[in-house]
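Within every chain, numbering begins at 1; the chains are lettered A, B, ... in the order of the sequence lines, protein sequences first and strands thereafter. Only this structure's heavy atoms are used, side chains among them; waters, hydrogens and symmetry mates stay out.
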Amino acid sequence: MKKLSFYEKVYAVVQLIPQGRATSYGAIASFLGAKKSARMVGWAMNNSHFLYPPIAAHRVVNRNGMLSGKAHFGDGNTMQKLLEAEGIEIKHDQIQQWAEIFWDPEKVL
DNA sequence: GAGGTGACTGCGA
DNA sequence: CTCGCAGCCACCT
């Protein structure tokens with residue numbers, strides 16, 4: 001029985017996020033069974049840039065819907081541009097209609 | 001082996 | 001309302 005690392009599971013969830021939707025670190029962490037381990041999700045995202053294919057880390061934001069990790073995408077507007085390309089409206093580095101854009105992994109189950 | 005860090009979150013003052 | 005602290009687990013030095 002192969003036990004996947006915490007961040008390996010994060011990648012699986014992020015890849016399941018449908019286009020035009022987004023989720024939060026806490027939602028993923030909670031889905032994995034460690035609600036308070038949202039930091040691990042962020043750590044996984046940091047490593048995501050070394051992964052191939054690159055996972056949609058831009059679809060993962062903090063629980064406020066704010067692009068907390070936009071600075072890690074190289075430029076300060078890359079993450080926002082990617083989200084806007086998927087039809088997500090962003091204002092002041094924050095996702096508009098976050099309640100509708102929010103995608104809960106548990107909902108898929 | 002031990003200590004410090006981190007793309008977060010929740011609660012208390 | 002705003003600010004600060006503790007918890008969580010994996011990775012890096």
Side-chain angles (χ1 to χ4, degrees):
Chain A
M1 177 68 179
K2 171 87 165 102
K3 189 168 72 172
L4 295 174
S5 299
F6 193 94
Y7 68 90
E8 290 289 341
K9 296 177 185 175
V10 174
Y11 302 144
V13 175
V14 174
Q15 290 175 77
L16 292 174
I17 301 173
Q19 188 174 40
R21 294 275 196 253
T23 189
S24 66
Y25 301 96
I28 295 173
S30 178
F31 174 71
L32 298 177
K35 178 171 81 172
K36 297 180 178 179
S37 300
R39 295 184 140 173
M40 304 301 85
V41 179
W43 202 246
M45 297 295 98
N46 184 26
N47 192 38
S48 70
H49 291 288
F50 296 86
L51 294 175
Y52 182 80
I55 64 176
H58 60 275
R59 292 181 188 156
V60 183
V61 295
N62 65 2
R63 97 161 209 84
N64 284 322
M66 189 166 109
L67 310 186
S68 54
K70 71 180 173 70
H72 287 259
F73 280 79
D75 293 333
N77 64 325
T78 302
M79 187 175 185
Q80 179 176 331
K81 184 177 288 185
L82 288 168
L83 290 168
E84 291 180 329
E86 298 191 358
I88 300 176
E89 183 180 3
I90 299 179
K91 199 77 170 183
H92 298 291
D93 299 328
Q94 189 172 296
I95 296 176
Q96 305 303 293
Q97 298 180 320
W98 172 234
E100 311 233 353
I101 296 298
F102 184 79
W103 176 83
D104 189 346
E106 293 185 57
K107 185 177 181 181
V108 176
L109 298 180

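- Within residues 46-75 of chain A, the residues that have a heavy atom under 4.0 Å from DNA chain B are, in order of number, N46(A), S48(A), H49(A), A57(A), N62(A), R63(A), S68(A), G69(A), H72(A), F73(A).
- Mapping W43(A) and K36(A) onto DNA chain C by nearest heavy atom places K36(A) closer to the 5' end of the strand.
- At a threshold of 4.0 Å, the pair R59(A)-E86(A) counts as salt-bridged, since one of the basic side-chain nitrogens sits closer than that to a carboxylate oxygen.
- Counted by atom type alone, Q80(A) and H58(A) present zero donor-acceptor pairs between their side chains at under 3.5 Å.
- The shortest non-hydrogen separation linking L32(A) to K9(A) is CD2-CB, 3.3 Å.
- Atom OH of Y11(A) is separated from atom CG of L51(A) by 4.5 Å, given to the nearest 0.5 angstrom.
- Side chains of F31(A) and D104(A) form no contact here, defined as non-hydrogen atoms less than 4.5 Å apart.
- For the pair S48(A) and A57(A), the tightest heavy-atom approach, listed with the atom from each and the gap, is OG-CB, 3.9 Å.
- As rounded to whole Å, 16 Å separates atom P of dA7(B) from atom CD1 of I28(A).
- Shortest non-hydrogen contact noted between V10(A) and M45(A) is CG1-CE, 3.5 Å.
- No donor-acceptor pair closer than 3.5 Å links the side chain of N47(A) to the backbone N or O of F50(A).
- Taking the 5' to 3' direction, DNA chain C first and last meets chain A under 4.0 angstrom from a heavy atom at dG7(C) to dC11(C).
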